[in-house]
There are 2 protein chains.
Amino acid sequence: MAGELVVIALGGNAIKQAHEEGTTEEQILNVDKTAREMALIIKAGYRPVVTHGNGPQAGALLIQQEESRDHVPAQTLAVCGAMTQGQIGWMMQNRMSFRLLEADIQRPVCSVITQVEVSEDDPDFKDPSKPVGPFYTPEKAQELQREKGYIVREVKPGVTNSWRRVVPSPEPISIVERESIKQLVEAGGIVIASGGGGIPVKREADGSFSGVDAVIDKDRAGFKLAQDINADKLMILTDVEKVYINYNKPDQKGLDSISVAEAEGYLNDGHFLAGSMGPKVQAAIRFAKWSGKEAIITSLDKALDALEGKTGTHIVK
Amino acid sequence: MAGELVVIALGGNAIKQAHEEGTTEEQILNVDKTAREMALIIKAGYRPVVTHGNGPQAGALLIQQEESRDHVPAQTLAVCGAMTQGQIGWMMQNRMSFRLLEADIQRPVCSVITQVEVSEDDPDFKDPSKPVGPFYTPEKAQELQREKGYIVREVKPGVTNSWRRVVPSPEPISIVERESIKQLVEAGGIVIASGGGGIPVKREADGSFSGVDAVIDKDRAGFKLAQDINADKLMILTDVEKVYINYNKPDQKGLDSISVAEAEGYLNDGHFLAGSMGPKVQAAIRFAKWSGKEAIITSLDKALDALEGKTGTHIVK
């Protein structure tokens, strides 16, 4: 098992397209496309550990939990995260196993339910900003604030009924199940882990971990996963083949290979959107800086080409 | 890692008590009690692979999926099974890790999302009998039959609005993720697997597995897991310390150690209830018969004593 160990953080499109409703059938079709690309990467000799987002799935589940609240106890946000790891993990391991079988590759694939440690002292707990779950009327939002202690915010100021619950998005400190993930990888397995940024947990005084109402950014968690399992590369997949500076302007320019210092410069100059390319570039910078190894940002269909240095944006120390 | 490898199939009480609502907090407390017992077993040198049911959790999720159907696409039964594996698996690995830490034992614990293969030719597909999800009025049941193709049945004949969807409960053929589970066990890990009887999948013509609308009995799946990972023992935990013949009658008698032939005799004589002790005894018989090794039925609080031969019902070849 000498191939490079690559943590691959999938984009949202890998599971659900924006225009879709989100039926099981639609999601399995999307996951299957992703699985084909992963099989190509494995066939080429790489050892991927795959991580993914869960935004639309967690959103749907939170609506279901909310709407049935009078009949069935709504589970905590941590439990909902765990549930979407099962949901998406199953679809991924199912289709990846098949695409490997088709390529005549015998490698066990499985999903590991993954907790990610965060700190209560993270500044984001003081000023939560990540919207989760359904949209509310101002009245309903206030009721939830009163009764459930939710922090609510009008996420599109001026737009009617655009109130939502907001939760912290703290920094990941460590991947709790890193040893199990490493064991599987060392035995030649393909692992799906830390879905949805991981189930956020904090360390209690007695040493136990307890679930917290938070959502960890999946690319940041992907960086932490790559760090904790000592990956050779971190690859973050998104909608575009390369990272651009002056994006959507006449002098737009795709980046091929840049240093950490250059990437930090572009980031500080505001070239990357906060909710979009920003966190991806940040996660890539952290990996390159910490490990001295390469981080790549590209699109799903270019993933193998990018690993082979033919395209994508490469950030190196 | 020379300790005996034991597949432990937990009873429903291990996660949710019958009188409880099923909040996250209640379930974590129950799971914690279970985790303490598992830690004792690990401390005594055994290597458990833990499996569990998901009845109440899947039931709650199906109600939530159903009630929000107009806003959010309901996921398939296979996906719901995967989601409850994430939910329960997380709680278990979380509390088991803590109880091991407390006992000064360094062993990684994780949950593996697990598919279980079934056959479309299983006779149960012709005559589904396992009720799942909410209770319906006869009108709603007929509507779902018409629109969704559900098979519905009045599960308590004569009781108003006791219509439910019924699905097949086919025999498990193989644990798809057995290699990953074995890899983790061999590396010294504690694994939670095949929750809720596993995600039922069938083999398609192209070689892929697809999810099926079915529910596999968790004790039968536990037997198959024990077989597939070559466990030394299968232990099925339930409400009672021992299996009884003439249960609740004046001549009731607890069974200590019986042969497969004796167990089959009692089973055929109708000593064990079909929906309750029957499938447990059947699963235990299969394991003892197939492996020549020991199957044990006992209660959670007697689990370690039973492994050490002090109590419980032992079925041997």
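As a basis for the values below, the full set of heavy atoms in this structure was taken, side chains included, without hydrogen atoms, waters or symmetry mates. Here is how names work: the chains are called A, B, and so on, in the same order as the sequence lines, proteins then strands, and each is numbered from 1. All values reported here derive from a predicted model rather than from experimental measurement.
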Under the criterion side chain to side chain donor-acceptor pair (under 3.5 Å), which of A:Arg69, A:Gln65, A:Glu67, A:His71 is the partner of B:Gln64? A:Gln65
So which of A:Leu101, A:Ile190, A:Asp206 has the largest heavy-atom pair count under 4.5 angstrom toward chain B? A:Asp206
Checked B:Glu204, B:Glu179, B:Gln115 vs chain A; the most non-hydrogen pairs under 4.5 Å come from B:Gln115
Only pairs of heavy atoms separated by less than 4.5 Å count here; which of B:Pro134, B:Ala60, B:Gly86 has the most with chain A? B:Gly86
Measure the shortest side-chain to side-chain distance between B:Leu61 and A:Val72 over non-hydrogen atoms and say whether it is less than 4.5 angstrom. no
What part of A:Glu26 gets closer than 4.5 Å to chain B, counting heavy atoms only: side chain, backbone, both or neither? neither
Can you give me every donor-acceptor pair (side chain of residues 73-85 of chain A, partner residue at least two apart or in another chain, under 3.5 Å) with its distance?
from	atom 1	to	atom 2	distance (Å)
A:Gln75	OE1	B:Thr24	N	3.4
A:Gln75	OE1	B:Thr24	OG1	2.7
A:Gln75	NE2	A:Pro73	O	3.4
A:Gln75	NE2	B:Gly22	O	3.0
A:Thr76	OG1	A:Val79	N	3.3
A:Thr84	OG1	A:Asn54	ND2	2.9
A:Thr84	OG1	A:Gly81	O	2.9
A:Gln85	OE1	A:Thr114	N	2.9
A:Gln85	NE2	A:Thr114	O	3.1
A:Gln85	NE2	A:Gly195	O	3.0

I need the full list of salt bridge (Lys or Arg N to Asp or Glu O under 4.0 Å) pairs touching residues 88-99 of chain B, with sequence neighbours left out, sorted by first then second residue. B:Asp32-B:Arg95, B:Asp32-B:Arg99, B:Arg99-B:Glu102
Interchain contact, A:Glu66 with chain B, by part (heavy-atom threshold 4.5 Å): neither
For B:Cys110 against A:Glu177, the heavy-atom pair lying closest together: CB-CG, 4.1 Å
Heavy-atom contact with chain B under 4.5 Å, split by part of A:Ile181: neither
Looking at every heavy atom in both B:Ile63 and A:Ser68, which two are closest together, and how far apart are they? O-OG, 4.1 Å
Would you mind checking which part of A:Ile199 comes under 4.5 Å of any heavy atom in chain B, side chain (CB onward), backbone (N, CA, C, O), both or neither? side chain
So which of A:Val176, A:Ile28, A:Val201, A:Asn94 has the biggest tally of heavy-atom pairs under 4.5 Å with chain B? A:Asn94
Given that the side chain runs from C-beta out, which part of A:Val191 has a heavy atom under 4.5 Å from chain B: side chain, backbone, both or neither? neither
